Amino acid sequence: MILIAGPCVIESHESVMRIAEALKKYDEKESVDFYFKASFDKANRTSLESYRGPGLEEGMRIFEEVKKSFGFKTLTDVHESHQVNAVAETVDVLQIPAFLCRQTDLLVAAAKTECVVNIKKGQFMVPADMQYSVLKVLKTRGYDTADYETSKKAGVWLTERGSTFGYGNLVVDMRSLPIMRRFAPVIFDATHSVQMPGQGGKTGGDSSFVPYLARAAAAAGVDGFFFETHFDPSRALSDGPNMIKLDDLDRLLEQIEKIREIVE
């Protein structure tokens with residue numbers, strides 16, 4: 001099982017190393033393919049005043065220290081094509097943000113690296129149409145068709161993170177998971193799927209629904225899970241309302257693994 005976990009954004013060197021230390025036990029589990037996640041720049045914050053992160057140079061320095069200290073594989077977002085090569089020198093997975101999932105130049109630039117490319121499904125996207133984003137990466141890497149095995153071999157993932165539902169809310173249609181899994185391995189992003197955009201100049205959320213959605217996704221069948229986590233989500237500088245507390249992650253992962261065993 002792929003597990004992607006970490007803070008939403010790099011808040012400080014100290015906070016990243018502390019969270020990484022707490023997540024080390026998951027990297028040591030034989031049943032888990034672990035990736036440490038954090039953003040060096042949150043380029044899509046609601047407000048100009050919102051904290052964005054330390055930036056590219058400092059962010060990559062911190063990622064290098066995480067890899068050196070813990071041996072983790074790492075994942076981070078890229079927002080512009082000119083960032084791709086510099087980020088690819090440090091991390092293992094380049095993540096394409098949901099709102100950029102159709103951005104051809106960004107997808108092609110990411111595909112030209114040796115990194116795995118994780119494409120988040122846009123909140124506005126029909127699940128079946130994500131095959132075209134996958135194909136942009138695959139064709140750049142020399143493949144002609146988008147199917148599960150080809151994408152797995154070529155290092156292309158898709159991530160579900162909810163769909164727009166009216167104003168200020170998201171909904172997860174579990175049918176999207178097997179639909180997208182026709183084209184690529186699928187990760188379920190349980191924490192972003194409970195976001196509530198547009199809550200008075202910032203993004204809100206309701207993390208109490210994270211366990212329910214994660215368990216449902218495990219039953220539906222996915223290749224992995226994405227959790228943004230923090231020691232104290234109420235003090236997180238980004239996405240706190242939809243994060244899961246580090247103390248709560250153990251029990252949820254145990255439940256997910258039991259459900260996956262039953263399904264398999």
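In this chain, numbering begins with 1 at the start of the sequence shown. Because the structure is predicted, anything quoted here is derived from the model rather than measured.
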Ring geometry between Tyr35 and Trp157 (parallel below 30°, tilted from 30 to 60°, perpendicular above 60°): perpendicular

Are side-chain N/O atoms of [X] and [Y] paired as donor and acceptor at under 3.5 Å?
X      : Y      : result
Thr164 : Gln123 : no
Asp239 : His230 : no
Lys42  : Ser238 : no
Asn118 : Thr159 : yes
Glu65  : His13  : yes
Gln131 : Arg182 : no
Asp250 : Tyr26  : yes
Thr150 : Asp147 : yes

Gap between atom [atom2] of [Y] and atom [atom1] of [X] - 0.5 Å precision:
X      : Y      : atom1 : atom2 : result
Asp41  : Leu56  : CG    : CG    : 9.0 Å
Glu261 : Ser31  : CD    : OG    : 8.5 Å
Ile179 : Lys121 : CD1   : NZ    : 10.0 Å

Thr74 and Lys37: CA distance, side-chain angles, deciding distance, side-chain contact (heavy atoms from CB on, under 4.5 Å) verdict: CA-CA 6 Å; Thr74 53; Lys37 181 270 170 186; over 6 Å; no

Whether over 12 other heavy atoms sit under 6.0 Å from Phe209 CZ: no

Glu114, CD atom: more than 12 neighbouring heavy atoms under 6.0 Å: no

Near-ring test Phe36/Phe70, centroid separation under 6.0 angstrom: no

Side-chain donor/acceptor of Glu58 to backbone N/O of Gly55, under 3.5 Å: no

Here's one to test your reading of the geometry: is the NZ or CZ of [X] within 45 degrees of the ring axis of [Y] and under 6.0 Å from its centre?
X      : Y      : answer
Lys24  : Phe34  : no
Arg18  : Phe231 : yes
Arg215 : Tyr212 : yes

Name of the residue among Asp129, Ile187, Leu158 meeting side chain to side chain contact (heavy atoms under 4.5 Å, CB included) with Met180: Leu158

Step-by-step side-chain contact (heavy atoms from CB on, under 4.5 Å) determination, Cys101 to Met125: CA-CA 9 Å; Cys101 68; Met125 289 292 291; 3.7 Å; yes

Side chain to side chain, Val137 and Tyr143, heavy atoms closer than 4.5 Å: no

